[in-house]
Novice: 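Below: one structure in structure tokens.
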Amino acid sequence: MSADKFEQFRYKNEFSRSSKIKRFIWNIVYLLLFRPTPGWALHGWRIFLLRCFGAKVGNNCKIYPSCRIWAPWNLELGSFVCLAEHVDCYSVALIKMGSKVTISQRSFICTASHDIGLLNRPLIHKPIEIADHAWVCAESFLAPGVIVGEGAVIGARSAVFKDVEAWSVVGGNPAKFIKKRILRDGN
């Protein structure tokens, strides 16, 4: 088949020129000033850099240097949030997290994908919201548009494509309800 036949299906990057420039500058700052910092220290410095690019970050957050944030201006974190090593926040749309949220190692919070109903597969995006006291365990995937309820736990290596109820534990691929999360006295 000739290349001309497929020209009509070529992917078109619909991001504005200013968005592309902001991302370019952020990537340079990330590579030179964010990523090389020691993981056990300088959380405040990394938060400062994120805030310089429009992120809203609460108090006492820990953001590790290998954490990847696609567009800091689409990131809102409450207080005491932890984004662990190698977390990927693909923040094409807003990623909003409440307070006392933990995103464990190598998890992927993904606000964008491609529309497979069209042959040129345009980018589609929806925000993700994670409520207070939620925990996304290691190597989990959250799909665009997902809402994780207060106190919910996403089991390790889970793939979440639907909203997760408050104070529930889910796991698997696709993630399914496992049990209610019951807190013991004294917590």
Side-chain angles (χ1 to χ4, degrees), residues 13 15-16 19-37 39 42-114 123-150 152-164 170 173 175:
N13 187 327
F15 291 106
S16 69
S19 177
K20 291 175 187 176
I21 291 169
K22 278 175 39 176
R23 286 243 326 110
F24 178 74
I25 295 168
W26 164 245
N27 281 326
I28 290 170
V29 169
Y30 174 82
L31 290 170
L32 297 178
L33 302 173
F34 188 102
R35 182 72 174 96
T37 59
L42 300 178
H43 294 286
W45 170 249
R46 291 186 291 275
I47 289 168
F48 168 76
L49 293 173
L50 289 169
R51 286 178 177 158
C52 286
F53 281 84
K56 295 176 183 165
V57 183
N59 298 320
N60 298 302
C61 291
K62 295 203 182 297
I63 300 173
Y64 285 82
S66 61
C67 180
R68 192 81 175 116
I69 297 161
W70 193 82
W73 48 92
N74 284 335
L75 183 67
E76 291 183 17
L77 307 178
S79 297
F80 300 99
V81 171
C82 178
L83 301 180
E85 294 285 354
H86 303 285
V87 166
D88 193 339
C89 292
Y90 188 43
S91 53
V92 176
L94 180 65
I95 295 175
K96 184 176 182 179
M97 297 182 202
S99 294
K100 292 289 290 174
V101 170
T102 298
I103 310 296
S104 293
Q105 311 81 295
R106 295 175 300 283
S107 291
F108 188 31
I109 313 302
C110 182
T111 64
S113 187
H114 294 273
L123 191 68
I124 54 174
H125 45 85
K126 294 179 184 174
I128 291 176
E129 188 173 333
I130 303 170
D132 297 344
H133 300 288
W135 178 18
V136 178
C137 295
E139 298 183 351
S140 292
F141 172 83
L142 270 62
V146 166
I147 297 172
V148 177
E150 182 180 9
V153 176
I154 311 297
R157 293 192 167 184
S158 295
V160 179
F161 300 98
K162 296 180 181 177
D163 293 351
V164 178
V170 301
N173 183 2

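Here the structure is a predicted model, which is why all the values come from computation and not from measurement.
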Novice: I want to check something: taking the side chain as every heavy atom from C-beta on, are Ile47 and Leu77 in contact at a cut-off of under 4.5 Å?
Specialist: no
Novice: Any side-chain heavy atom of Arg68 sitting closer than 4.5 Å to one from Phe108?
Specialist: no
Novice: So do Pro65 and Arg46 actually touch side chain to side chain, heavy atoms under 4.5 Å?
Specialist: yes
Novice: Report yes if some heavy atom in the side chain of Ser79 is under 4.5 Å from a heavy atom in the side chain of Asn60; otherwise report no.
Specialist: no
Novice: Within this structure, what is the OH-SG distance for the pair Tyr90 and Cys110, rounded to the nearest 0.5 Å?
Specialist: 7.0 Å
Novice: Answer yes or no: is there a donor N or O on one side and an acceptor on the other, between the side chain of Arg23 and the main chain of Trp70, under 3.5 Å?
Specialist: yes
Novice: Is any side-chain heavy atom of Ile154 closer than 4.5 Å to one of Cys137?
Specialist: no
Novice: Without swapping roles, check the side chain of Ser91 against the backbone of Thr111 for a donor-acceptor pair under 3.5 Å.
Specialist: no
Novice: Which heavy atom of Cys82 sits nearest a heavy atom of Tyr64, and at what distance?
Specialist: SG-CE1, 4.0 Å
Novice: Working to the nearest 0.5 Å, report the span between CE of Met97 and OG1 of Thr102.
Specialist: 10.0 Å
Novice: Assess whether side chain to side chain contact (heavy atoms under 4.5 Å, CB included) is satisfied between Ile28 and Phe24, documenting all intermediate values.
Specialist: CA-CA 6 Å; Ile28 290 170; Phe24 178 74; 3.4 Å; yes
Novice: Have a look at Glu139 and tell me which of Arg157, His86, Gln105 forms a side chain to side chain donor-acceptor pair (under 3.5 Å) with it.
Specialist: Arg157
Novice: Is the number of heavy atoms from other residues, nucleotides or ligands within 6.0 Å of CZ (Phe48) greater than 12?
Specialist: no
Novice: Are the side chain of Trp135 and the backbone of Ser104 linked by a donor-acceptor contact shorter than 3.5 Å?
Specialist: no
Novice: Checking side chain to side chain contact (heavy atoms under 4.5 Å, CB included) for the pair Phe53/Ile25: CA distance, chi angles, key distance, verdict?
Specialist: CA-CA 10 Å; Phe53 281 84; Ile25 295 168; 3.8 Å; yes
Novice: With heavy-atom distances below 4.5 Å as the criterion, would you say the side chains of Arg35 and Ser66 are in contact?
Specialist: yes
Novice: Quick one: closest heavy-atom pair of Leu83 and Cys67, and the distance?
Specialist: CB-SG, 3.8 Å
Novice: Would a 4.5 Å heavy-atom cut-off, applied to side chains only, mark Leu142 and Ile130 as touching?
Specialist: yes
Novice: For His114 and Leu123, which heavy atoms make the closest approach, and how far apart are they?
Specialist: CE1-CD1, 3.7 Å
Novice: If you take all heavy atoms of Ala134 and Gly149, which pair is closest and at what distance?
Specialist: CB-O, 4.1 Å
Novice: Find the distance between CD (Glu76) and NZ (Lys56) and round it off to the nearest 0.5 Å.
Specialist: 4.5 Å
Novice: Minimum heavy-atom separation for Val101 to Gly98, with atom names?
Specialist: CG2-O, 3.5 Å
Novice: Check Phe161 against Ala143 and note the closest heavy-atom contact, atom names and distance.
Specialist: CD2-CB, 3.6 Å
Novice: Do the ring planes of Phe34 and Trp26 sit parallel (below 30°), tilted (30 to 60°) or perpendicular (above 60°)?
Specialist: perpendicular
Novice: Treating Asp132 as the side-chain partner and Glu150 as the backbone partner, does any N or O pair qualify as donor plus acceptor under 3.5 Å?
Specialist: no
